[in-house]
J.: 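Here it is, the structure, as C-alpha coordinates.
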Amino acid sequence: MKHSPSLILVWRVAEFEARHSKASTIEPIHLLLGLCKVVDLDLPEFVSKDSPDRDEVLEELLREVRKLRTVFRAAGLDAKTFRRRLRRVSPERRFALDDSERLHRSSAAKRVFADAEHFAQLGSSAVYPVHLLYAALLAEDKHRDATLTELDIDKKRLTNVAKREVLMPQLGSASASKKARTRWN
(Lines give C-alpha, C1' and ligand atoms only; values in the text may rest on other atoms or scores of the structure.)
Protein backbone atom coordinates (compact mmCIF):
# COMPACT_ATOMS: atom_id res chain seq x y z
CA MET A 1 0.00 0.00 0.00
CA LYS A 2 1.38 3.39 -1.01
CA HIS A 3 1.76 5.95 1.74
CA SER A 4 1.46 9.54 0.50
CA PRO A 5 4.11 12.18 1.29
CA SER A 6 1.55 13.93 3.52
CA LEU A 7 1.01 10.72 5.52
CA ILE A 8 4.78 10.28 5.88
CA LEU A 9 5.00 13.84 7.23
CA VAL A 10 2.26 13.10 9.80
CA TRP A 11 4.13 9.93 10.77
CA ARG A 12 7.35 11.93 11.32
CA VAL A 13 5.51 14.50 13.41
CA ALA A 14 3.92 11.67 15.43
CA GLU A 15 7.38 10.24 16.03
CA PHE A 16 8.52 13.67 17.22
CA GLU A 17 5.51 13.82 19.57
CA ALA A 18 6.35 10.36 20.93
CA ARG A 19 9.98 11.33 21.44
CA HIS A 20 8.97 14.57 23.12
CA SER A 21 6.84 12.62 25.61
CA LYS A 22 9.70 10.12 26.01
CA ALA A 23 7.50 7.23 24.90
CA SER A 24 9.10 3.96 23.90
CA THR A 25 6.80 3.52 20.86
CA ILE A 26 4.55 5.59 18.64
CA GLU A 27 1.03 5.17 20.00
CA PRO A 28 -2.32 6.09 18.40
CA ILE A 29 -2.40 9.23 20.56
CA HIS A 30 0.87 10.35 18.95
CA LEU A 31 -0.66 9.80 15.51
CA LEU A 32 -3.59 12.00 16.50
CA LEU A 33 -1.22 14.62 17.90
CA GLY A 34 0.71 14.52 14.62
CA LEU A 35 -2.50 15.02 12.64
CA CYS A 36 -3.39 18.01 14.81
CA LYS A 37 0.12 19.49 14.62
CA VAL A 38 0.59 19.20 10.85
CA VAL A 39 -2.22 21.70 10.22
CA ASP A 40 -0.12 24.39 11.94
CA LEU A 41 3.18 23.72 10.16
CA ASP A 42 4.78 25.86 7.47
CA LEU A 43 4.63 23.09 4.87
CA PRO A 44 7.00 24.61 2.25
CA GLU A 45 9.75 24.37 4.89
CA PHE A 46 9.42 20.58 4.89
CA VAL A 47 10.05 20.08 1.18
CA SER A 48 13.60 20.49 -0.06
CA LYS A 49 14.01 23.27 -2.58
CA ASP A 50 16.37 20.96 -4.48
CA SER A 51 13.83 18.16 -4.81
CA PRO A 52 12.97 17.50 -8.48
CA ASP A 53 9.31 16.80 -7.61
CA ARG A 54 9.01 19.62 -5.05
CA ASP A 55 5.97 21.23 -6.70
CA GLU A 56 3.97 17.99 -6.84
CA VAL A 57 4.85 17.01 -3.27
CA LEU A 58 4.09 20.48 -1.96
CA GLU A 59 0.75 20.57 -3.78
CA GLU A 60 -0.20 17.22 -2.28
CA LEU A 61 0.86 18.31 1.22
CA LEU A 62 -1.16 21.52 0.97
CA ARG A 63 -4.23 19.75 -0.43
CA GLU A 64 -4.27 16.96 2.14
CA VAL A 65 -3.56 19.23 5.11
CA ARG A 66 -6.37 21.50 3.89
CA LYS A 67 -8.68 18.47 4.08
CA LEU A 68 -7.71 17.96 7.73
CA ARG A 69 -8.33 21.63 8.47
CA THR A 70 -11.73 21.38 6.78
CA VAL A 71 -12.68 18.34 8.88
CA PHE A 72 -11.54 20.04 12.08
CA ARG A 73 -13.36 23.26 11.22
CA ALA A 74 -16.60 21.47 10.30
CA ALA A 75 -16.54 19.65 13.65
CA GLY A 76 -15.68 22.80 15.61
CA LEU A 77 -12.30 21.44 16.72
CA ASP A 78 -9.42 23.88 17.31
CA ALA A 79 -6.44 21.65 16.55
CA LYS A 80 -3.97 23.62 18.67
CA THR A 81 -6.19 23.69 21.77
CA PHE A 82 -7.08 20.02 21.39
CA ARG A 83 -3.44 19.03 20.82
CA ARG A 84 -2.20 20.91 23.87
CA ARG A 85 -4.93 19.53 26.12
CA LEU A 86 -4.40 15.99 24.81
CA ARG A 87 -0.68 16.14 25.56
CA ARG A 88 -1.49 16.91 29.19
CA VAL A 89 -3.80 13.93 29.68
CA SER A 90 -1.86 11.34 27.70
CA PRO A 91 -0.27 8.56 29.75
CA GLU A 92 3.18 9.48 31.01
CA ARG A 93 5.93 7.12 29.92
CA ARG A 94 9.38 8.35 30.69
CA PHE A 95 12.07 6.31 28.95
CA ALA A 96 15.39 7.66 27.80
CA LEU A 97 15.95 6.75 24.16
CA ASP A 98 18.88 7.52 21.93
CA ASP A 99 17.83 10.27 19.50
CA SER A 100 19.32 8.36 16.58
CA GLU A 101 17.06 5.34 17.24
CA ARG A 102 13.90 5.16 15.14
CA LEU A 103 10.77 4.75 17.17
CA HIS A 104 8.51 1.96 16.05
CA ARG A 105 4.74 1.90 16.12
CA SER A 106 3.01 0.01 18.89
CA SER A 107 0.66 -2.81 17.94
CA ALA A 108 -2.29 -0.44 18.52
CA ALA A 109 -0.76 2.16 16.17
CA LYS A 110 -0.14 -0.55 13.57
CA ARG A 111 -3.84 -1.48 13.78
CA VAL A 112 -4.78 2.17 13.19
CA PHE A 113 -2.50 2.23 10.14
CA ALA A 114 -3.98 -1.04 8.86
CA ASP A 115 -7.47 0.44 9.15
CA ALA A 116 -6.31 3.60 7.32
CA GLU A 117 -4.84 1.42 4.55
CA HIS A 118 -8.14 -0.45 4.31
CA PHE A 119 -10.08 2.83 3.91
CA ALA A 120 -7.65 3.94 1.21
CA GLN A 121 -8.14 0.63 -0.64
CA LEU A 122 -11.89 1.25 -0.71
CA GLY A 123 -11.21 4.38 -2.75
CA SER A 124 -8.34 2.86 -4.74
CA SER A 125 -5.97 5.55 -3.53
CA ALA A 126 -2.77 6.01 -1.60
CA VAL A 127 -3.10 6.38 2.16
CA TYR A 128 -3.63 10.03 3.12
CA PRO A 129 -3.80 11.76 6.50
CA VAL A 130 -7.61 11.89 6.41
CA HIS A 131 -7.65 8.07 6.24
CA LEU A 132 -5.41 7.99 9.32
CA LEU A 133 -7.62 10.54 11.10
CA TYR A 134 -10.74 8.48 10.51
CA ALA A 135 -9.00 5.28 11.65
CA ALA A 136 -7.61 7.02 14.76
CA LEU A 137 -11.07 8.30 15.68
CA LEU A 138 -12.54 4.80 15.40
CA ALA A 139 -9.92 3.34 17.75
CA GLU A 140 -10.76 3.24 21.45
CA ASP A 141 -9.05 5.96 23.47
CA LYS A 142 -10.51 7.16 26.75
CA HIS A 143 -8.04 10.07 27.03
CA ARG A 144 -8.97 11.38 23.58
CA ASP A 145 -12.68 10.98 24.25
CA ALA A 146 -12.44 12.73 27.63
CA THR A 147 -10.52 15.60 26.05
CA LEU A 148 -13.11 15.96 23.28
CA THR A 149 -15.89 16.00 25.88
CA GLU A 150 -14.01 18.53 28.01
CA LEU A 151 -13.66 20.83 24.98
CA ASP A 152 -17.34 20.29 24.08
CA ILE A 153 -16.48 18.64 20.75
CA ASP A 154 -19.01 16.13 19.48
CA LYS A 155 -16.91 13.04 18.71
CA LYS A 156 -19.68 11.54 16.60
CA ARG A 157 -19.82 14.67 14.44
CA LEU A 158 -16.02 14.74 14.08
CA THR A 159 -15.99 11.05 13.11
CA ASN A 160 -18.83 11.52 10.60
CA VAL A 161 -17.13 14.50 8.95
CA ALA A 162 -13.89 12.50 8.66
CA LYS A 163 -15.82 9.51 7.30
CA ARG A 164 -17.51 11.66 4.68
CA GLU A 165 -14.14 13.02 3.55
CA VAL A 166 -12.74 9.48 3.33
CA LEU A 167 -15.67 7.89 1.53
CA MET A 168 -16.66 10.75 -0.74
CA PRO A 169 -13.57 12.77 -1.68
CA GLN A 170 -14.22 16.13 -3.28
CA LEU A 171 -14.88 15.81 -6.98
CA GLY A 172 -12.07 17.34 -8.94
CA SER A 173 -9.44 16.68 -6.29
CA ALA A 174 -6.42 14.60 -7.21
CA SER A 175 -7.45 11.91 -4.72
CA ALA A 176 -10.85 11.57 -6.40
CA SER A 177 -9.98 9.46 -9.39
CA LYS A 178 -12.13 9.20 -12.50
CA LYS A 179 -12.99 5.68 -11.41
CA ALA A 180 -14.18 6.94 -8.01
CA ARG A 181 -16.17 9.79 -9.56
CA THR A 182 -17.85 7.34 -11.94
CA ARG A 183 -18.72 5.04 -9.05
CA TRP A 184 -20.46 7.87 -7.18
CA ASN A 185 -22.44 9.09 -10.21
Side-chain angles (χ1 to χ4, degrees), residues 3-43 45-46 61-62 64-97 99 101-120 127-166:
H3 294 152
S4 66
S6 55
L7 183 76
I8 300 300
L9 177 60
V10 169
W11 195 343
R12 287 182 182 154
V13 174
E15 181 179 8
F16 174 82
E17 289 286 347
R19 247 182 229 296
H20 183 71
S21 68
K22 298 190 178 5
S24 59
T25 58
I26 299 170
E27 298 292 338
I29 197 163
H30 300 123
L31 299 174
L32 190 55
L33 288 168
L35 288 159
C36 290
K37 178 66 178 175
V38 78
V39 299
D40 292 329
L41 296 177
D42 183 14
L43 296 173
E45 292 295 318
F46 287 89
L61 287 174
L62 292 168
E64 296 305 320
V65 168
R66 188 178 316 114
K67 285 181 185 178
L68 290 175
R69 283 189 193 113
T70 300
V71 169
F72 293 155
R73 190 176 325 111
L77 184 140
D78 179 314
K80 185 185 291 186
T81 303
F82 178 66
R83 179 178 76 236
R84 288 178 176 175
R85 196 74 57 90
L86 194 57
R87 281 183 191 133
R88 279 192 253 145
V89 299
S90 65
E92 295 291 320
R93 292 197 187 129
R94 301 292 175 190
F95 296 101
L97 289 175
D99 283 344
E101 267 186 70
R102 294 287 282 165
L103 286 183
H104 297 282
R105 294 170 295 162
S106 67
S107 58
K110 286 178 183 178
R111 282 192 302 274
V112 169
F113 258 84
D115 288 346
E117 289 170 346
H118 175 73
F119 299 138
V127 186
Y128 291 106
V130 74
H131 296 119
L132 188 65
L133 174 62
Y134 183 50
L137 290 171
L138 292 177
E140 283 191 41
D141 185 332
K142 64 183 178 188
H143 298 294
R144 176 207 56 219
D145 293 347
T147 303
L148 287 170
T149 300
E150 180 183 327
L151 293 173
D152 200 27
I153 307 295
D154 183 355
K155 180 188 173 212
K156 185 175 180 182
R157 168 116 175 99
L158 177 60
T159 305
N160 285 337
V161 173
K163 178 181 179 180
R164 186 172 46 238
E165 191 62 47
V166 165

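Quick caveat, the model's predicted, so the values are computed rather than measured.
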J.: Rounded to the nearest 0.5 Å, how far does NZ of K156 lie from NZ of K163?
T.: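 So the NZ of K163 and the NZ of K156 are separated by 10.0 Å.
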
J.: Of the non-hydrogen atoms in V112 and A139, which two are nearest, and what is the gap between them?
T.: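 So the two residues come closest at CG2-CB, 4.0 Å.
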
J.: Once you round to the nearest 0.5 Å, how far does CG of L35 lie from CG of L68?
T.: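 Output value for this atom pair is 6.0 Å.
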
J.: Any chance you could lay out the side chain to side chain contact (heavy atoms under 4.5 Å, CB included) test for V13 and L33, step after step, and finish with the verdict?
T.: CA-CA 8 Å; V13 174; L33 288 168; over 6 Å; no

J.: So, taking the atom named CG in L132 and the one named CZ in F119, what distance separates them when rounded to the nearest 0.5 Å?
T.: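 Between L132 CG and F119 CZ, I get 10.5 Å after rounding to 0.5 Å.
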
J.: Between D141 and L32, is the side chain to side chain contact (heavy atoms under 4.5 Å, CB included) condition met? List the steps.
T.: CA-CA 11 Å; D141 185 332; L32 190 55; 5.6 Å; no

J.: Judged by atom type as modelled, is there a donor-acceptor pair below 3.5 Å linking the side chain of R164 to the main-chain atoms of T159?
T.: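 No; zero donor-acceptor contacts below 3.5 Å.
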
J.: What are the two closest non-hydrogen atoms of A162 and L137, and how far apart are they?
T.: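 What the structure gives for the nearest pair is CB-CD1, 4.1 Å.
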
J.: Test your reading of the model: is there a side-chain donor-acceptor pair from S4 to the backbone of V127, 3.5 Å cut-off?
T.: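 Checked: pair present.
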
J.: Rounded to the nearest 0.5 Å, how far does CG of L9 lie from CZ of F46?
T.: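 Between F46 CZ and L9 CG, I get 6.0 Å after rounding to 0.5 Å.
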
J.: Should K37 and E17 count as an ion pair when the cut-off is N to O under 4.0 Å?
T.: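 Here K37 does not pair with E17 in a salt bridge, since their nearest N and O are not under 4.0 Å apart.
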
J.: Answer yes or no: is there an ion pair linking D145 with K155, defined by an N-O contact shorter than 4.0 Å?
T.: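 Salt bridge between D145 and K155, a charged N being under 4.0 Å from a carboxylate O: yes.
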
J.: Looking only at side-chain N and O atoms, does H104 offer a donor or acceptor that is under 3.5 Å from a partner on S24?
T.: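 No, because no side-chain N or O of S24 sits under 3.5 Å from a partner of the opposite role on H104.
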
J.: Could you tell me whether the side chain of R105 and the main chain of R111 form a donor-acceptor pair under 3.5 Å?
T.: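 Checked: no pair found.
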
J.: Which heavy-atom pair separates L151 from F82 by the least distance, and what is that distance?
T.: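 Closest approach of L151 to F82, heavy atoms only: CD1-CA, 3.7 Å.
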
J.: I'd like to know if R12 pairs up with E15 as an ion pair, taking the criterion as any Lys NZ or Arg NE/NH1/NH2 lying under 4.0 Å from an Asp or Glu carboxylate oxygen.
T.: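 No, no charged N to carboxylate O under 4.0 Å.
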
J.: Please find the pair of heavy atoms, one from V39 and one from A79, that lie closest to each other, and give the distance.
T.: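 That closest heavy-atom pairing would be CG2-CB, 3.6 Å.
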
J.: Please verify the inter-ring angle class for H3 with F113; under 30° counts as parallel, over 60° as perpendicular, anything in between as tilted.
T.: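 Because their plane-to-plane angle is over 60°, the rings of H3 and F113 count as perpendicular.
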
J.: Kindly give the heavy-atom pair with the smallest separation between T147 and H143, and that separation in Å.
T.: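 Residues T147 and H143, closest heavy atoms: OG1-O, 2.8 Å.
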
J.: Rounded to the nearest 0.5 Å, what separates atom SG in C36 from atom CZ in R69?
T.: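 That separation rounds to 12.5 Å.
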
J.: Show, in sequence, the C-alpha distance, side-chain angles and deciding distance for L148 and L158, and conclude whether the side chain to side chain contact (heavy atoms under 4.5 Å, CB included) test is met.
T.: CA-CA 10 Å; L148 287 170; L158 177 60; 4.2 Å; yes

J.: Side chain to side chain contact (heavy atoms under 4.5 Å, CB included) with S21: which of R87, E27, H30?
T.: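 Option passing the side chain to side chain contact (heavy atoms under 4.5 Å, CB included) with S21: H30.
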
J.: Return the minimal non-hydrogen interatomic distance between I26 and A14, and the atom names on each side.
T.: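 Smallest interatomic distance, heavy atoms only, reads CG2-CB, 4.2 Å.
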
J.: Rounded to the nearest 0.5 Å, how far does CG of L7 lie from CG of L61?
T.: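 L61 atom CG to L7 atom CG measures 11.0 Å (nearest 0.5 Å).
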
J.: Can a salt bridge be assigned to the pair R83 and D78 using a cut-off of 4.0 Å between side-chain N and carboxylate O?
T.: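 No, R83 and D78 are not salt-bridged.
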
